[in-house]
There are 2 protein chains.
Amino acid sequence: MYELFFREFNKKIALTPEEQDLIKKYLTPKKLRKKQYLLQEGDVCKFVAFVEKGALRQYSLDESGNERIIQFALEGWTISDLYSFLTGETATYHIDALEDSELVLISKSAHEELLQKVAKYETYTRLKITGAYIAMQKRLTSIISSSLEERYSSFITLYPDIVQRVPQHMIASYMGLQPETLSRIRRRISSR
Amino acid sequence: MYELFFREFNKKIALTPEEQDLIKKYLTPKKLRKKQYLLQEGDVCKFVAFVEKGALRQYSLDESGNERIIQFALEGWTISDLYSFLTGETATYHIDALEDSELVLISKSAHEELLQKVAKYETYTRLKITGAYIAMQKRLTSIISSSLEERYSSFITLYPDIVQRVPQHMIASYMGLQPETLSRIRRRISSR
DNA sequence: AAAAAACGTTGACTTTGGTCAACGCTTTTG
DNA sequence: CAAAAGCGTTGACCAAAGTCAACGTTTTTT
């Protein structure tokens, strides 16, 4: 239990067995069936979720009610509505499961106590968010400066596992496109 | 000297005078004239820069050589090519000054020593990057789910100071648009 | 096993943003 | 102070993405 979580943690900073045991006390396992919600827009986000197994997505609804996916999370990724989690404001995103999934939850109070009691937890958190920031900045850069063909091509080389496991229209949504448009981009790419 | 820097720092976590003096030893002031580079693509980014006064921009060049602005930084903001700074890889962004500016620089070695010696510096860093992450996620969400009119309208309410101080074609670049397109969007908005 | 839902593709047409050129105005430079 | 560069706007035209409808296939549900 929590194997992947601690494997990832130790990749960022090595923990002693004692620290690991202490941290374990603050973790809650949770299973989610495909299509179940972890978070719905309007609720307050009560936890950060680490994906041990499965796949989730985070999305908002535009004014026409279309789903706009802003993040996927496969094994080893962390997902949450950070703004809602940290401020206690109501969430602006939905999070649901794309496959049956196993999560490790960290509640707000657990998060706060861990920050106080385990210095390495703060470091872990800092490194994790820094990595997420850098990745998102790259995504943003490619959105404002690359062609759709390039964006899709780098997506499939960067996230081949997502391409395998997630329906194409969701990848279109992630790219801010209509499914038909992504289909045509794929044709253009393959006919070269 | 460093007034704004410490004002912002203390907003996130309060420092004792001693801590403040200690941190000061690791800071380097730097003045930059309008149009001067702080960082050029291909160099390694050697520092994180806090803006005491002035305005900067971070951008990359697309394949046609157009500037694509991914971030502005006014007083109180921090700017850097984080990926290059942290990994030592060569930078993919340019950073230059839009106005004569005064910066506070933190070098790589200063950053690392501060993380070790001053626990609150790690907290400051974590909070700062978390805020930047949340802001960027909101920007990304609006890019993939809002109309251009909405995006520009929220930009001017969110960053009225940038609208005042930065030429319009740079705001277009920040939004991933041509200057002509932004000009037309403005006309559409004002004619309502 | 049958019915329903979800998915990806294609075609025809519309809407939107990009491109190129021109112009007037303001700011910067020499 | 004069010349040059930078800036924002507009018009005409072009290219790209969105929309709507239809279809065959696959997956899920019952």
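What's counted below: heavy atoms across the whole structure, side chains too, no hydrogens, waters or symmetry copies. Numbers restart at 1 for each chain; the letters A, B, ... are given by sequence-line order, proteins then strands.
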Asker: Return the value, rounded to whole Å, for the distance between atom CZ of A:Arg186 and atom C1' of D:dA17.
Answerer: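 So the two atoms are 18 Å apart, to the nearest Å.
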Asker: With A:Glu8, which residues qualify under side chain to side chain donor-acceptor pair (under 3.5 Å), at least two apart?
Answerer: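 For A:Glu8, the residues satisfying side chain to side chain donor-acceptor pair (under 3.5 Å) (neighbours in sequence not counted) are A:Lys11.
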Asker: Using only side-chain N and O atoms of B:Arg187, determine if any of them is under 4.0 Å from OP1 or OP2 of D:dT10.
Answerer: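 Yes.
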Asker: To the nearest 0.5 Å, what is the distance between OG1 on A:Thr157 and OH on A:Tyr152?
Answerer: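 Output value for this atom pair is 11.0 Å.
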Asker: To the nearest Å, give me how far apart OH (B:Tyr152) and C1' (D:dG8) are.
Answerer: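 Between C1' of D:dG8 and OH of B:Tyr152: 11 Å.
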Asker: Describe the nucleic acid contact of B:Pro179 in one word from base, sugar-phosphate, nothing, applying a heavy-atom distance below 4.0 Å.
Answerer: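 Here B:Pro179 touches no strand at all.
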Asker: Identify which one of A:Lys34, A:Lys35, A:Gln36 satisfies the side-chain contact (heavy atoms from CB on, under 4.5 Å) criterion when paired with A:Leu32.
Answerer: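 The single option meeting the side-chain contact (heavy atoms from CB on, under 4.5 Å) with A:Leu32 is A:Gln36.
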Asker: Which letters describe nucleotides 13-30 of chain C, given B = protein heavy atom under 4.0 Å from base, S = only from sugar-phosphate, - = neither?
Answerer: ----SSBB-------S--
Asker: Test A:His94 against every option in A:Arg57, A:Glu41, A:Glu67 by the side chain to side chain donor-acceptor pair (under 3.5 Å) rule and name the one that passes.
Answerer: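 Result: among A:Arg57, A:Glu41, A:Glu67, A:Glu41 is the only option passing the side chain to side chain donor-acceptor pair (under 3.5 Å) with A:His94.
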Asker: Calculate the interatomic distance between A:Gln168 atom CD and D:dT25 atom P; express it in whole Å.
Answerer: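 For the pair A:Gln168 CD and D:dT25 P, the rounded distance is 17 Å.
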Asker: Under the salt bridge (charged side-chain N to carboxylate O under 4.0 Å, His left out) definition, can you give me all pairs with a residue in residues 160-174 of chain A, not counting sequence neighbours?
Answerer: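 Qualifying pairs, neighbours excluded: A:Glu75-A:Arg165, A:Glu99-A:Arg165.
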Asker: If only side-chain N and O atoms of A:His169 are considered, is one of them under 4.0 Å from the OP1 or OP2 phosphate oxygen of C:dA6?
Answerer: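 Negative; the distance criterion is not met.
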Asker: Would you say NZ of A:Lys46 has more than 12 non-hydrogen atoms from neighbouring residues, nucleotides or ligands within 6.0 angstrom?
Answerer: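 Incorrect, the count does not exceed 12.
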Asker: Could you tell me the separation between the CG atom of A:Leu98 and the P atom of C:dC7, rounded to a whole number of Å?
Answerer: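 Nearest whole value for this atom pair: 10 Å.
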